[in-house]
S.K.: 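Before I ask anything, here is the structure I am working with.
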Amino acid sequence: MLTLLLAGSTVATFAGQSARAQISPDALRESLRVAPRPGMMPHGGRLFPGSSLNGVPGFPLPTVHSQKAYDPQDSFTAKWTRADAMQIKAHSDTSVAAGQNSLPQQLVMPDVPADFPATNPDVWVWDTWTLIDKKANQFSYNGWEVIFCLTADKNAGYGFDDRHTHARIGYFYRRAGVPASRRPANGGWIYGGHLIPEGAQEQVFAGTDYTITAEWSGSMRLLDPTSNKVSLFYTDMAFNRNAAGQDITPSQAVITQSLGQIHADFNHVWFTGFTTHTPLLRPDGVLYQNGAQNPYYNFRDPFTFEDPQHPGVNYMVFEGNTAGQRGTADCTAEDLGYRTNDPHAETVQQVLSTGAYYQKANIGLAVAEDSSLSKWKFLPPLISANCVNDQTERPQMYIKDGKYYIFTISHRTTYAAGVDGPDGVYGFVGNGIRSDFQPMNYGSGLMLGNPTDLNEAAGTDYDANPNQNPRAFQSYSHYVMPDGLVESFIDTVEGRRGGALSPTVKVRLRGDASVVDTRYGNNGLGGYGDISANRAAINVVGFIQDLISQKTQLSADTNTRMRSFLNASQ
Ligand SMILES: OC[C@H]1O[C@@](CO)(OC[C@@]2(O[C@H]3O[C@H](CO)[C@@H](O)[C@H](O)[C@H]3O)O[C@H](CO)[C@@H](O)[C@@H]2O)[C@@H](O)[C@@H]1O
């Protein structure tokens, strides 16, 4: 019975993956064609439009990035330049009415309905990640899909905008192998509660003056698919506030590891461990800006992976800022990225005069110095965005068809003066972990953005007004999963606050270009929080141990037989 049940769940999960129909190249091409909308720019209807770097009248032409690979230990840092980022606006549609989306339609997150369901009535949900292995395969465990989300308890009185200082990592689970059409509208995720025992995370700040702590984003690694050992990498945050509610010291951000075990029986999933928290990395002020240099520094969101070319060597990407004192006006011609004699090029002096040097995001890299992933060494950043954007958040390394993609999320509000782009996920492609990464789609970097009006006259902000642009902030924190599926959370739709999982969408990737697949789901929108595993971890011994430990509806006889099976298998 047990064997049958386990085998059944395995088959169901794998059958789900292999059931994809074979599709002819012509049909595939047709399925990727995006219907042009009225007012769409000249490239409308083209497949994968971004591969060519054609200039647009009135805009600069960015320098092509070679995608050349370097040793991960090398000091080369690729640049997301101003000329690159300007291609978002260059390729936007100037003919649309004020407040309407002007982004290339192939790169726009489809409209999220305003009557979206809550993921859970008791908690706000935002940044979400999955149970992955060293190759970012996404695992179910003993027949259950599991996700990890930043959550804030509504019942404690926290509003959605209070979430950051009260963030706790929560987990949700649901049975694997059920098609989205047979799940409840909200994805059917069952809330399991907080992952980290009360107070355990605070040990990282023991002996300091910090009074408010929070758990920010990270990733969860299944250390061995045949066991139940998992490693959480996350950001330990600590804040202090004065009586007026303002931060009085720079926040502390520590990239931290905590080990635990996943458990599952017939009825539910639960975790043990996460009692010991090992600080791994604090920004050094040499490669990565720290709080002494900038009270508004960004340092967080670890994601680990193994080097496919050197099995056993593990890296971590994370969000950082270029080291140095805040306000140092030192962006260079390379940061701007213009070609010689481009009539639309800005001079370094012009850019510095706008204050754009306050925005200096980077995507950091560290290498593990031990096999238990508990010691890490900083390496130079993989990509910098000096004078372009201040935040490149939740970076992930995504390896497909021999190409190395870095995906990262960013806000419209964190762009530097003179450059603009939507809230969404940005992509960069190279030929190795460290490369001269080429920003995707027209060289701009944008992969999937909320519908946004980039044609606003100075001093006008249609996107801030939900009556004018109801979806400019509909979704955020996009995370790219196997097969190009993308999950995110709902922020605000038609003025309604979200705090819930967005509908899953799908992007097709080809080289340095991508398109939203409008044939996926309903006009491009899949199920809310449809975050499915593409691999199954079956741990028979752990399953029996968990059944016994939970004394789950087993007769004394079955219990005895399972114990003898367990003894025999050890
Ligand atoms: O909750 C912290 C984690 O969330 C991340 C990614 O979603 O950081 C998001 C960030 O932005 C949010 O807050 C901004 C201010 O409240 C708001 O303008 C924006 O719309 C929100 O998405 O949260 C921090 C703290 O406020 C801000 O610096 C980020 O941009 C992730 O990086 C964190 O781990």
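When a ligand or atom number is given, it counts from 1 through the structure's own listing order. Residue numbers start at 1 and run along the sequence shown.
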S.K.: Could you tell me if Arg82 and Asn386 have a donor-acceptor pair between their side chains, going purely by distance under 3.5 Å?
M.R.: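 Absent: no donor and acceptor within the cut-off.
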
S.K.: What residues sit with at least one heavy atom under 4.0 Å from ligand 1?
M.R.: Trp126, Asp127, Leu150, Arg163, His164, Trp216, Ser217, Arg300, Asp301, Glu319, Gln391, Glu393, Ile409, His411, Tyr476, Ser477

S.K.: How are the rings of Phe160 and Trp124 set relative to one another: parallel (under 30°), tilted (30 to 60°) or perpendicular (over 60°)?
M.R.: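 Correct class here is tilted.
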
S.K.: Cationic tip of Arg394 within the cone over Phe303's six-membered ring, i.e. under 6.0 Å and within 45° of the normal?
M.R.: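 Pair Arg394/Phe303 does not count as cation-pi.
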
S.K.: Do Arg471 and Asn469 have a side chain donor and acceptor closer than 3.5 Å?
M.R.: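 No - no donor-acceptor pair under 3.5 Å links their side chains.
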
S.K.: Hey, is Arg221 close enough to Asp133 for a salt bridge, meaning N to O under 4.0 Å?
M.R.: no

S.K.: Are the charged groups of Lys375 and Glu369 less than 4.0 angstrom apart, N to O?
M.R.: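 Judged by the 4.0 Å cut-off on N to carboxylate O distance, Lys375 and Glu369 do not form a salt bridge.
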
